[in-house]
Amino acid sequence: MQKFYLNYNDIVITVKKISTSKRMRIIIHNDGTITLTCPIRVSRKEIEKFVEINYNWIVETTKKNVSLQQESFSVFSNCDIERLKKEAMEYIPKRLDELAQINNLQYKELTIGSAKTKWGSCTRDGRIRISCFVMLLKKELIDYVLLHELCHLIHFNHSALFHKKLNEMLAFHNEKELVKEIRLFTKQR
């Protein structure tokens, strides 16, 4: 994989040239970051043209995604957030340990934060950060978020291998269905 950053009209796009990619694709992440994936043979000029053609859609979708995430949690007071953090501190460490043990995985550290645009994250050295807002989700969706981050201990990307392993770890659930539920939950808030 080749990776570089493209600055187009003050929008930073992470470009990933992937040998298995068959077409160009733009992904707008909930936190506002943008990734463009494409086949290795695609030139920088072709990438810039693709971004130019899709520029209005990129701007509108980025604004919509970020504002949806911010609106979803903006009604919470500091007291509510502290209550959620307390609940998360009681539940998440124990559940993460259980899921890690079931899947024979070890993480280095767990931090509970109050991120409003991401449910969780995992660093290459095994530090997992979970937003206290996961406590608003039903248990299956909390497990999905935790397993998603644990799966990054094996595959530090969102490749086909990552999704295959995550679906194995989910056992009786389907990742796509769980993602739909989380998105639906976020839009309803």
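All residue numbers refer to positions in the sequence shown, counting from 1. Nothing here was measured: the structure is a model prediction, and the numbers come from that model.
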Taking the side chain as everything from C-beta on, heavy atoms only, tell me whether Ile130 gets closer than 4.5 Å to Glu149. yes

If we only count heavy atoms from C-beta on, is the Lys180 to Arg183 side-chain gap below 4.5 Å? no

For residues Ile26 and Trp57, determine if any side-chain heavy atom of one lies less than 4.5 Å from a side-chain heavy atom of the other. yes

Do the side chain of Asn167 and the main chain of Glu175 share a donor and acceptor less than 3.5 angstrom apart? yes

Donor-acceptor pair, Glu48 side chain versus Lys45 backbone, under 3.5 Å? no

Please say yes or no: joined through hydrophobic side-chain contacts below 4.5 Å, possibly via intermediate residues, are Leu99 and Met89 part of one cluster? yes

Spacing of CG belonging to Leu153 relative to CG belonging to Asn104, to within rounding of 0.5 Å: 11.5 Å

For Asn157 and Ser159, indicate whether the former's side chain and the latter's backbone hold a donor-acceptor pair under 3.5 Å. yes

Taking everything shown except Gln101 itself, do over 12 heavy atoms lie less than 6.0 Å from its CD? no

Counting only heavy atoms not in Gln2, do more than 12 sit closer than 6.0 Å to its CD atom? yes

For the CZ atom of Phe162 and the CD1 atom of Ile154, what is their distance to the nearest 0.5 Å? 9.0 Å

N/O donor-acceptor pair under 3.5 Å between Lys85 side chain and Gly113 backbone: no

Could you check Asp97, Ile128, Leu141, Ile92 and say which one makes a side chain to side chain contact (heavy atoms under 4.5 Å, CB included) with Leu146? Ile92

Are the side chain of Ser131 and the backbone of Ala115 linked by a donor-acceptor contact shorter than 3.5 Å? yes

Please tell me whether His148 and His163 form a close aromatic pair, meaning their ring centres lie under 6.0 Å apart. no

Please examine the side chains of Leu136 and Leu84, heavy atoms only from C-beta on, and report whether any two atoms are closer than 4.5 Å. yes

Do you reckon Leu6 sits in the same ILVMFWY cluster as Ile40, going by side-chain contacts under 4.5 Å, direct or chained? no

